Amino acid sequence: MMLGEENKVDFSSKGIMPWIVDNLVTIIFVVFVLWGFSVSKDIKTYFFLSELCNRIFRNSFLVLSLIIPVLAGLGLNFGIVIGAMSGQAAILLVRYFDIGGMGGFLLCFVIAFFFAAICGYFTGKLYNKTRGQEMIASLIVGFFANGIYQFIFLFVVGAVLIVPATHPMIKPDGVGIRMTVDLKTAEEGGLKYALENIYKIPFIQAILIIAVVILIMMVIVYYLNVKNGQAHKNRPISFCFNAVLCIAAAVFSIHVMSVTPKLFNTVYDLNIVAGSLNEKADIEEITSKLKAIVSELNTEAERADEAMAPKFKAVVSDITSKVIPNLDKPNMQRGVLNLIGSSATKLNNVAIERSPNALVANIAQVTTVPVITGVFIIALCIFTMLIMKTKLGQDFRSVGQNQHIAEVSGINVDRTRIIATMISIVLAAWGQLIFLQSVGTLNTYGAHLQIGMFSVAALLVGGASTSKASVKNAIFGVILFNAMFIISPEIGKSLFDQAMLGEYFRSFMVYGVIGAALGIYVWKDIKKSKLDVE
């Protein structure tokens, strides 16, 4: 996490303990993740980074949707589960009419907006009736909304709204939606990977771009502060520390890209071909791609030594004699996919052998980064920061600090709280859409159940509280929280030879984090009250 003003530590005798208390949950998670790496024997770096990358892009939007309610004094909005259900309702409606691709995904965004905005309005009205108990109210309203959601999709669809029992989404008896709905790939007319597959780049390139962008933004902010006579906002030590981190990340990325075997790109191309092979695939285009790969491998075989050349030739033989001739035969598709996968694995092993060291080989195997999903997340980060500089954002802060003073100042407190709730729930609906298109399958009655708990826990892990949250807290929390999720089963497997113990530990940590954070909040509130009395 960047070392900035809100993370500045006063390591004096009076400052160290309050800082530890404020960041206790974050410290515990950092220590746990580092300890987990030291005891996990079988975890691979590329596996961990790939899983972490996937989870960050899936979950960040949902966690970011919690920030505005916290700043507006509504606390941790467990009610984002209502937004998640709104997003799922939009997906079910779009999939029922078999609308897919990017157009179908954008239609889901529009429908989810209206569902979530209406639900958010009434949820905000409820929060206004339960002042001081918003977090409890948000939990209860989530359970209540879940009951309505299940009633609609288990009974109303089919019993009241007549639908054909032959539809793949409908249960065989014609009443209710199936437990699991396959979203299908965008190429097949579905929503799966509709956003992710638009454009991807290698993980190490993403690190380079992020490091450079952050460095440029830091320099711009520093310069503007000096130019506008607000140099006191600049913290030279923090700036230098963060600049060194960014430069180090950029230099490391450039080094890795310069020494990484290009053969890893061929492996990636083969996996892309396998992913695009379906009933609606353009066989001629796929054949052309495979021939280009074969030509590249023949060139590599000519350059390779006696030990490596046969490995390239074996892959070329499989592609030319077994894959390409059977591409247009539907009954052979499974075998073709297996052969492509086997070829990709063989080439990946050769690429690992050619790598200068294990670190380069591990990083090269990390999953690619979905650029458009990243753009959505960055856009939400910018939106969250910019809206807090507007009149509405200042109203959010004023209401969050003291509702009575805000009302005396002429702010419509009830209206401001409702707007904050609506924004949060709409963003959560969109976040659930991003999450589900990445997963590719909708668990109709269970996908939304833990959204509130997990998102709140991730925000708290990042250093947020029930009254203070920021984009940094959200992003850092998503990274730490999901690192714990990935490494927990590995710890259970390494220490007790039972990965399931790690699965149980996940749930313990989720509820433990929320309980610890709320306990610290109550303790600090009581302490503050005593000081006020004295």
Side-chain angles (χ1 to χ4, degrees), residues 1-2 4 6-7 9 17-34 36 52 55-56 58-81 83-84 133-139 142 377 380-381 384 396 400 420-421 424-425 427-428 431 435 449-488 505-528:
M1 181 167 61
M2 289 296 178
E6 69 180 35
N7 300 312
V9 184
M17 286 310 297
W19 180 84
I20 291 176
V21 172
D22 288 342
N23 296 276
L24 182 61
V25 174
T26 306
I27 293 170
I28 290 172
F29 262 71
V30 170
V31 172
F32 174 78
V33 171
L34 294 176
L52 184 60
R55 287 174 175 272
I56 289 171
R58 285 178 186 173
N59 300 325
S60 293
F61 208 97
L62 280 164
V63 178
L64 286 164
S65 71
L66 289 166
I67 294 175
I68 289 177
V70 171
L71 298 177
L74 292 163
L76 301 165
N77 183 22
F78 291 95
I80 61 170
V81 67
Q133 303 297 326
E134 291 91 349
M135 283 188 285
I136 296 175
S138 65
L139 275 172
I377 294 169
L380 180 53
C381 292
T384 303
F396 288 154
T421 306
S424 177
I425 290 180
L427 292 176
F435 175 85
L449 293 180
Q450 298 298 327
I451 289 297
M453 288 291 182
F454 287 175
S455 298
V456 166
L459 187 65
L460 293 173
V461 167
S465 68
T466 55
S467 59
K468 184 188 72 174
S470 68
V471 169
K472 289 180 181 179
N473 296 143
I475 298 301
F476 189 55
V478 169
I479 295 172
L480 264 185
F481 186 75
N482 285 289
M484 181 274 292
F485 251 67
I486 297 166
I487 211 165
S488 290
F505 186 73
R506 287 176 173 177
S507 298
F508 166 76
M509 289 295 281
V510 169
Y511 294 107
V513 162
I514 295 174
L518 294 180
I520 292 171
Y521 170 74
V522 172
W523 174 74
K524 290 173 68 176
D525 192 48
I526 292 173
K527 185 177 180 181
K528 182 181 177 182

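What you see is a predicted model, and the numbers here were worked out from it, not measured in a lab.
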Between Ser138 and Glu134, does a side chain to side chain contact (heavy atoms under 4.5 Å, CB included) hold up when you go through it step by step?
-> CA-CA 6 Å; Ser138 65; Glu134 291 91 349; over 6 Å; no
Among all residues two or more places apart in sequence or in another chain, which pass the side-chain hydrogen bond (donor to acceptor under 3.5 Å, both in side chains) test with Ser455?
->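 side-chain hydrogen bond (donor to acceptor under 3.5 Å, both in side chains) check on Ser455 returns nothing, list empty.
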Arg55: side-chain hydrogen bond (donor to acceptor under 3.5 Å, both in side chains) partners, not counting sequence neighbours |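 Residues passing side-chain hydrogen bond (donor to acceptor under 3.5 Å, both in side chains) with Arg55: none at all.
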Atom pair [atom1]/[atom2] of [X] and [Y] - distance to nearest 0.5 Å:
| X | Y | atom1 | atom2 | value |
| --- | --- | --- | --- | --- |
| Phe32 | Met484 | CZ | CE | 6.5 Å |
| Leu74 | Ser467 | CG | OG | 12.5 Å |
| Thr466 | Leu460 | OG1 | CG | 8.5 Å |
| Asn482 | Asn59 | CG | CG | 5.0 Å |
| Leu62 | Leu459 | CG | CG | 12.0 Å |
| Ile80 | Leu66 | CD1 | CG | 4.0 Å |

With sequence neighbours left out, write down each residue that passes side-chain contact (heavy atoms from CB on, under 4.5 Å) with [X], or none if nothing qualifies.
| X | result |
| --- | --- |
| Ile56 | Leu52, Ser60, Val478, Ile479 |
| Leu71 | Ile67, Met388, Arg397 |
| Gln450 | Met453, Phe454, Tyr511 |

For Ala420, does its backbone N or O pair with a side-chain atom of Ser424 as donor and acceptor, under 3.5 Å?
->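 Answer holds: no.
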Minimum heavy-atom separation for [X] and [Y], please, with both atom names.
| X | Y | answer |
| --- | --- | --- |
| Ala457 | Phe481 | CB-CE1, 3.7 Å |
| Gly463 | Asn473 | C-ND2, 3.8 Å |
| Val81 | Gly142 | CG1-CA, 3.6 Å |
| Gly36 | Ile487 | C-CD1, 3.4 Å |
| Phe396 | Ile68 | CE1-CG2, 3.7 Å |
| Thr26 | Phe476 | CG2-CE2, 3.5 Å |

For Val30 and Leu480, what are the C-alpha separation, side-chain angles and deciding distance, and is it a side chain to side chain contact (heavy atoms under 4.5 Å, CB included)?
-> CA-CA 7 Å; Val30 170; Leu480 264 185; 3.6 Å; yes
Mind checking what makes ring-ring contact (aromatic ring centres under 6.0 Å, His included) contact with Phe435, not counting sequence neighbours?
->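 ring-ring contact (aromatic ring centres under 6.0 Å, His included) list for Phe435, sorted by chain: empty.
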